[in-house]
Amino acid sequence: MTGFLLGRLAQAVLVMLVMSVLVFLGVYAIGNPIDVLIDPAATQAMRAAIIRQYGLDLPLWQQYGHFLGNILHGDFGNSFVFRIPVLSLILSRLPATLELTVLALLIAAVLGVPLGIWAGYRPEARSSRAIMAFSTLGFSVPTFWIGLLLILFFSVELRWLPSGGRGPVGPLGLSIWTPEGWSYLLLPALNLSLFKLGLLVRLVRAGTEEVMGSEHVRFARAQGLPESQVVGLHVLKNIGIPIVTVFGLEFGSTLAFAVVTETVFNWPGMGKLVIESITSLDRPVMVAYLILVVLLFVVINLFVELTYGFLDPRVRAR
Amino acid sequence: MNRRQFLSATTATALLPASLALAQGQGAGRTLTVGVRSGPESIDPHWSTLGGHIEALRHVYDSLVAQDENLVLKPGLATSWRAVDDTTWEFKLREGVTFHDGSPFTAEDVKFSLERIPQVTGPMSMTLYTKRAKSAEVVDPLTIRFVTDGPAPTLPNDFTRLMIVPRKIGAAPRNEEFNSGAAAIGTGPFRFVRWEPRGDLVMERYDGWWALKEGAAQPWARVIRREIPNDAARIAALKSGQVDMINYVPATDVASLQRDPTMDVVVGDSVYVFNVYFTLAEKLPRPAKVDGREITDNPFRDIRVRQAMDLAIDRRALARVVFEGLAKPMSQLMPDSFFGASPNLPERRPDLPRARALLAEAGYPRGFEIDFHSTTNRLPGDSALCEALAQQWSRIGVKANPNAVTGTVFFPASTRGEYSLQMSGWGTLTGEAAYTYGALIHGPDPSVGLGNFNRSGYSNPEVNKLLLDGSRTLDDAKRREMFARAAEISMNERPMLPIVMPQTVWAMGKNKLLFTPRVDQETLAQLVAPKGA
């Protein structure tokens, strides 16, 4: 077990190094961040002074060396735009994105798994066809467009829910403690969950259809077990592994890149921060963010693999 | 941290029943929520020259010199100013001004603010507006003198961006101390309550604001500036009643908002002008092509080519089609009303036969092909304008390949001189000619700090002399004359073509607010009033 974890850790560090090099090269290929950050009316002397001040006159490998050196001291550097430590800037956005992502995934799981099982259990039923048609919509219609429709309907026409922003923040930096907080959270979470919902429904249906025809289901039925137990226990456990895999990947990518939903609903999360940092070539924020994303994916994958063992005794044995 | 700050601020108010009662007497409880496209980058007013930064912090801080809605100078924290000699300016300061912590405002605070800028300013360097002042000398508590590096006639214009912080905060505070509120003390109409990067800026009324004593009305107890960069999200926030007004309504949404019986729309001129820059270098970085073959000559070096391309542009049509009528044709780099604009540059109207003839005379009877770059999503309408211009040029046989790229790509490449023909917007933020013509038209010359944004490479000795002398002439009438002359010569030589000035649009609930637009596009709560109050 320890060897396994250490191996994973080494892998993570390597990927993070590669990532940071890629970001450095990428920003360098676009151009000098100063040309975006600086006031266009600045004189030539001011421009030169600012480039020196930010160390952008150094060769790229030296800039990267400084960056690595600082990271070893736990310092990710300061944002070019805000001059506050990037780590605190990014982490201050984490709760917002976290609650949005978790709620979206919960909606997707709570609705998607039962609907998918039903659609796989009764593939010919009218309701199953409706579910499948809906799931196709879920992941083929662009998120931003659905988001705008949701806003138009629930916020502008009915005025039931706010059109964007985030409610009052309570303990842990979360906004789920008050009804007002939920009113802000609901629409973006729903919007974010639709794609995952569609994906999950299809995945679960395919798995259920396959498992329903297998021998152990027939044996379970022959044993006289009630249908609820057959589906709820024997089928669900067998389709568990692909669901958990996709769930983990989706959790990571949603957490990291909920950009579109966060933009449309003006949700002050990490995705919005990083897209704004890209448009202002705020390199320290971009690098730190992507490194954190790599870390996040590694951790999530680790959990996913540990869950396999829990779901499938054969994996545990290995 | 923010939360604690907020809590302590509210308890402090609760413990002061007198001030609370006063606020209520003047209509407390009124909150103005504004949906803005961009916000500050810090609460330190000296951190950045960015428009959205300055605009937001004008609620908390006052500048030494103020500007009316057409950018004409007027007294701010300074009541009057005069040039004592060629290199000395004297400013008289307003009496009875207090900071939000109750301490009085004096000349020491002005000196402190000026001197702290080079230490704390960021990449959008505020030294742009203070670099001419070499030193400050406090004459008495309400008089201060600045010694400049040579005659600096535009120092009062520059100081419209010099915001004053109290000396007692000391040299240490940086962005974090300002963002937490600890050092965010100004003399402006609102106290800072809380802010987080790219989030809400919350402020509350300061009853001791000096302008209130002079009869200014300031009806808001609380102001929230909510940053909503996405246009559709900003409009949705207004329509759903989450915000009271929004700025920068995109031209494409104006018509539908105007039809909406629950909305008011306010249109104002801006200081921004879209300009097309010809690269005048011997060789073009991306060569022109004739009949599909690259040529070594740079066609733009022939003034007839530049004239022909100008004559192919129908500015009224561009304003009508690209900007839905919300733009004005331009024939110089800044609005006619600004200091140093020329009265002798009439509107440019298209003349296609003449354009074709000029092109043929210059040796390009079948036109040529050229890459044309512009920004996208930098200013409203930029990429659509780029494409529309290319279409208009195609009518005289000039095949411009439109390439609208994001600012992150455009500005570095433009600085490296990689574009042959380009378009971007420029705003004359100080409201006078030295700022714009010095940067765009003067030949690039680091030794005098001019021509720093000269993208064409244009350099006319006569114009250079006028601009350099103008920047050192204290006599207003003479200086105005010199800049107007420089504008006429350079605009007629057409190293760059001013196209249109896009107008700015605000929207708000019907019959709810009174608001006069400013040409610098600032949306200041102290200049917004509830209707019928």
Side-chain angles (χ1 to χ4, degrees), chain A residues 27 30-51 53-54 78-85 88-89 92-93 144 147-148 151-152 154-166 169-170 263-266 268 272-273 275-276 278-281, chain B residues 3 35 41-42 44 47-50 120 122-128 131 174-176 179 196-200 226-230 232-234 236-242 377 406-416 424 426 429 435-436 438-439 444-446 448-453:
Chain A
V27 174
I30 295 172
N32 194 335
I34 282 301
D35 292 320
V36 177
L37 294 165
I38 203 173
D39 190 314
T43 63
Q44 297 89 336
M46 283 169 64
R47 183 171 184 275
I50 293 167
I51 288 178
Q53 188 190 335
Y54 283 81
N78 283 344
S79 156
F80 286 160
V81 174
F82 299 110
R83 190 164 61 195
I84 51 180
S88 70
L89 184 66
S92 72
R93 302 306 182 87
F144 76 90
L148 290 177
I151 291 174
L152 204 63
F154 289 104
S155 308
V156 177
E157 290 302 321
L158 297 175
R159 293 213 173 192
W160 286 355
L161 296 167
S163 66
R166 189 164 178 237
V169 173
T263 306
V264 172
F265 288 91
N266 205 44
K272 196 161 157 272
L273 176 74
I275 200 78
E276 281 155 0
I278 291 172
T279 55
S280 52
L281 285 189
Chain B
R3 211 173 96 83
E41 296 183 335
S42 146
D44 185 342
W47 167 248
S48 169
T49 58
L50 201 70
V120 301
M124 291 287 265
S125 179
M126 192 53 87
T127 55
L128 183 61
K131 62 181 190 301
R174 293 292 187 269
N175 286 347
E176 279 153 310
N179 298 352
E196 62 181 60
R198 309 259 189 241
D200 291 1
R226 181 160 293 162
E227 205 173 320
I228 314 178
N230 183 276
R234 203 161 58 250
L238 176 70
K239 284 188 166 175
S240 65
Q242 272 200 297
N377 290 330
T406 64
T408 44
V409 175
F410 182 86
F411 289 105
S414 177
T415 310
R416 292 193 299 259
S424 58
W426 178 274
L429 301 169
Y435 178 86
T436 291
D445 186 352
V448 288
L450 291 174
N452 36 311
F453 202 79

Could you go step by step and tell me if A/N32 and B/T415 meet the side-chain contact (heavy atoms from CB on, under 4.5 Å) rule?
CA-CA 9 Å; A/N32 194 335; B/T415 310; over 6 Å; no
Taking side chain as everything from C-beta outward and backbone as N, CA, C, O, which of these in [X] sits under 4.5 Å from a heavy atom of chain A? Side chain, backbone, both or neither.
X: B/R416; result: side chain
X: B/Q242; result: side chain
X: B/L429; result: neither
X: B/A237; result: both
X: B/F410; result: neither

For [X], which atoms come within 4.5 Å of any heavy atom of chain B: side chain, backbone, both, or neither?
X: A/I50; answer: side chain
X: A/A45; answer: neither
X: A/L37; answer: both
X: A/V156; answer: both
X: A/R47; answer: side chain
X: A/E276; answer: both
X: A/L89; answer: side chain
X: A/R159; answer: side chain
X: A/I38; answer: both

Name the option with the most non-hydrogen atom pairs under 4.5 Å to chain A; the candidates are [options].
options: B/M124, B/E176, B/R198; answer: B/R198
options: B/G122, B/A232, B/G241; answer: B/G241
options: B/I228, B/N230, B/T49, B/D200; answer: B/I228
options: B/W47, B/F411, B/W426; answer: B/W47
options: B/D445, B/V409, B/N452; answer: B/N452

Could you label the plane-to-plane angle of the A/Y54 and A/F80 rings as parallel, tilted or perpendicular, counting under 30° as parallel and over 60° as perpendicular?
perpendicular
Atom pair [atom1]/[atom2] of [X] and [Y] - distance to nearest 0.5 Å:
X: A/I30; Y: B/T406; atom1: CD1; atom2: OG1; value: 7.5 Å
X: A/T43; Y: B/F453; atom1: OG1; atom2: CZ; value: 14.0 Å
X: A/F82; Y: A/S280; atom1: CZ; atom2: OG; value: 7.0 Å

Out of [options], return the one with the most heavy atom pairs under 4.5 angstrom to chain B.
options: A/G164, A/A42, A/A41; value: A/A41
options: A/R166, A/Q53, A/R83; value: A/R83
options: A/P40, A/G31, A/S155; value: A/P40
options: A/G165, A/P162, A/P268; value: A/P162

Using the side chain to side chain donor-acceptor pair (under 3.5 Å) criterion, which residues pair with B/N175? Sequence neighbours excluded.
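Once residues adjacent in sequence are excluded, the partners of B/N175 under the side chain to side chain donor-acceptor pair (under 3.5 Å) criterion are B/S42.
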Side chain to side chain donor-acceptor pair (under 3.5 Å) partners for B/S240, two or more places apart:
A/S163
Side-chain touch [X]/[Y], heavy atoms, less than 4.5 angstrom:
X: A/R93; Y: B/P197; result: yes
X: A/I84; Y: B/R174; result: no
X: A/D39; Y: B/S125; result: no

Looking only at heavy atoms, which two atoms of [X] and [Y] are closest? And how far apart?
X: B/A236; Y: A/I151; value: CB-CG2, 3.4 Å
X: A/P33; Y: A/V27; value: CG-CG1, 3.9 Å
X: A/G147; Y: A/V264; value: C-CG1, 4.2 Å

Given A/K272 and A/N266, is the side-chain contact (heavy atoms from CB on, under 4.5 Å) satisfied, shown in steps?
CA-CA 8 Å; A/K272 196 161 157 272; A/N266 205 44; 3.2 Å; yes
